[in-house]
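One structure is given here, and the rest of the page talks about it.
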Amino acid sequence: MRSDNERKRRNALQFKAAFALAVVVGMAGGASAQDVHRGESAYNRFCSSCHGVRGDGRGPAARFYQNPPPRDFTLGGFRVSQTPPGSIASHDDVAYVIRDGVPGTSMPAWRGILGERRIDDVARYVLSLTRAASAVAVPEPPIVYIPPVAPPATPESVRRGQAVFLLLKCWACHGTHGDGDGPEAGTQRTDTGRPIAPSSLTDSVWQWGGDPRNVYRTLTTGLEGTTMEAVFADPMVMTRALTTLRAPVEAEVRARPDLRPSDLANMDAFVSAMPSEDAMYDMTEEEEEALFEGWRWDLVHYVRSLAGDGTLRSFLGTAREAPLYGP
Amino acid sequence: MSVRIHGSLPNRFATAAGVVAVVAMVAPDSARAEPRFALREGVPCSTCHVSPSGGGMRNRHGRYVYAPTALPAGYPDADNPLMDLDVGDSLAFGADIRFLYLEQPNAGLSDTSRSVRTFMPMQSDFYIAVTPFEGLTLYYDQGIHGSFEATIMYEHDLGVPELSFYTRAGFFAPPYGLRTANHNLFIRQEIGFGPGDNDAGLEVGFQLGPLLLQGAVLTGAGAQALIDDNDDKAFVGRLEGIFRIDDFRLMAGGSFYMNRTGNVTRLSASTIDTRTDHMRAGGHLGLAIGRFAWLGEADLVFDDPTEDNTSAETVHAFRSYQQLDVRIVRGFELRLDYEYRQQNLDLRNGVAHRLGGGFSLFPLPNVELFFLYRYIIGDGTAEAEQNGFQEIIAIIHGYL
């Protein structure tokens, strides 16, 4: 019993120290003490029942929401991030998740319930918890550029996108036709060791946002803490995957038992239209960047095309829907 | 309150007495729950309520997360959308207030000129929960009609993943079946688990992942008699599982209750035996996907007087309830109810069907408007003489 009390006292002291650090870190980040206090107050009221007062994902309701469990903010690993892989999420990223929630999970959307100012307060406080839990100072991460406007999807871009999907081996997790049933499905784990299933791209549930720019972001920065890599983080890696390293993957794709003739035709057409290695070697940096960017948008358009029109999902609705009016 | 009474003085008196009975029947004494919310979320009721069985005071998650993000159609105030009802980490308040408009166009079926139209305070429960330290909760619920719940509860995480237990002592609603907001259903009030049937005792529960196992020993005296006048205790057990299977939510459970009431009084010349064995057994089921939620419960009722008890009647009955809710848009849900009652399983009579249709509207945070029309079809036997009975129920509900 005595050791229990000591442990509790120690935990309380650690928490107070962490909170003090969070306040200092938050203030250092440009927030006033009042902002941090407002953020803490709102966090405790609206977030702590799942994410825990300490942000460790162990609130009292967390035991009932385990698929997936609430995020442990002390570990970082924010799924949605406009920042490079391995770095802390930006304020806008955290605010985005608070605002729009994570469809298909228990994280609700607070848009229309909490005002923008309060969402900002909470996002700031959440990041301060992450920073406070880190043994070293966490630098402010750079923001990855996401074009403000997506090019329009065309049947050709969707077909090219399918070829990119096949040749980059996205099917290994997401399945040949995006149903989440690829050969590696069921073997993956998150950074906390929890089994994680690849997203089905056909069910119209966009956990991290379904508009083209959101999908672009996911492909560019990945989903931190999961096996979803930042596919397009490095143009060189992707270019190599589609050119010099393409042959063995192409053979694997051809061996897929559920490959349809039209899938194969799309891939073949893409490969035959692809510039030769020599031609790519002669390209300027700008030309290569443009080619690379085109493939990225092609993949975005293809992934979005898999979701269908969502008629059935609209009819069934979801357990929680956005408010009809509000701030 | 507006009650039109026609006819002679004795008839008026009888009708007035009937109105009092109606009011007593429709006035709940204890806060109820909405199991469809738990079903839609795929989580146990205790995720949002202080009580492990659900109903009554909402906890922090229920007040500040589930209710605001799932119920109201919208929010009028950007700066202070949700009032803070907690005082520090240890003290919280809550309330449920319901005002009822009730219309029974043919309340006295033998004289259809009589009707009931009344507006009345149906419920006013005030809750306080004190948590002096993590795991221990002192909970008190005081209702306007004199009823209350008062419990001392201790919850403990057993250290094994997803296994926890609680125990509570006090005066509370026995854990049985669905704890529904509609308290005068055939499956609740008529089988002894209505708002007036709280009891004193000790309850233990284990939560293992999606499964909740609850058991309680109660005095069996119920709310009517706070002092237990016999040695026989009531036992109640309930097992419920709530599962998430892709987009589907499934709830399945079973409950059992047994109790012996009455006494043997030995007089010099004779013995008076008033003992009756009461047994209830039932199952409940729910299925939800997106905007659709269906819930059902069926119960067997056995009241068997002991051999020497000649004054009480044997009752072997069956009750069932089904509810379908469809959310049209956020804050507006349509409701269809179907209840079935067979009062005498041996003679296969006493059959009544109660059909209901209505809606719930949550126009603002913390406010619900509920409307329900109900109609009874009975087989004309004494136990189901309410054939053709109609009710219009409109409730304004404020909750914190």
A:Y65 versus chain B, the contacting section by heavy-atom distance below 4.5 Å: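 Contact with chain B involves the side chain of A:Y65 alone.
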Heavy-atom distances under 4.5 Å only: say whether A:S106 touches chain B with side chain, backbone, both or neither. side chain
Using the test side chain to side chain donor-acceptor pair (under 3.5 Å), find all partners of A:D120 that sit at least two apart in sequence or belong to another chain.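 By the side chain to side chain donor-acceptor pair (under 3.5 Å) rule, A:D120 matches A:H91.
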Which one wins on heavy-atom pair count under 4.5 Å against chain A: B:P44, B:G42, B:A70, B:S164?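 Going by pairs under 4.5 Å, I would pick B:P44.
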If you tally heavy-atom pairs under 4.5 Å against chain A, which of B:R327, B:R244, B:E134, B:R60 wins? B:R327
Below 4.5 Å from any heavy atom of chain A, which atoms of [X] appear? Answer side chain, backbone, both or neither.
| X | result |
| --- | --- |
| B:V326 | neither |
| B:E155 | side chain |
| B:R249 | neither |
| B:L364 | both |

Verdict with supporting geometry, B:E333 and B:R335, salt bridge (charged side-chain N to carboxylate O under 4.0 Å, His left out): CA-CA 6 Å; B:E333 294 185 34; B:R335 156 85 57 89; over 6 Å; no
Salt bridge B:D96-B:R58, side-chain N to carboxylate O under 4.0 Å: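 A salt bridge is present here (some side-chain N lies under 4.0 Å from a carboxylate O).
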Quick one: which of A:S41, A:G104, A:P108 has the most heavy-atom pairs under 4.5 Å with chain B, could you say?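 Heavy-atom pair counts peak at A:P108.
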On a heavy-atom basis, the closest approach of A:C50 and A:A61 is SG-CB, 4.2 Å
Parallel, tilted or perpendicular: which one describes the rings of A:H174 and A:F165, with boundaries at 30° and 60°?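 Taking A:F165 first and then A:H174, their aromatic rings sit tilted (interplane angle of 30° to 60°).
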Less than 3.5 Å apart, any donor N or O on the side chain of A:D121 or A:Y43 sitting next to an acceptor on the other? no
Result of checking B:N59, B:T137, B:L138, B:L91 against B:T131 for side chain to side chain contact (heavy atoms under 4.5 Å, CB included): B:T137
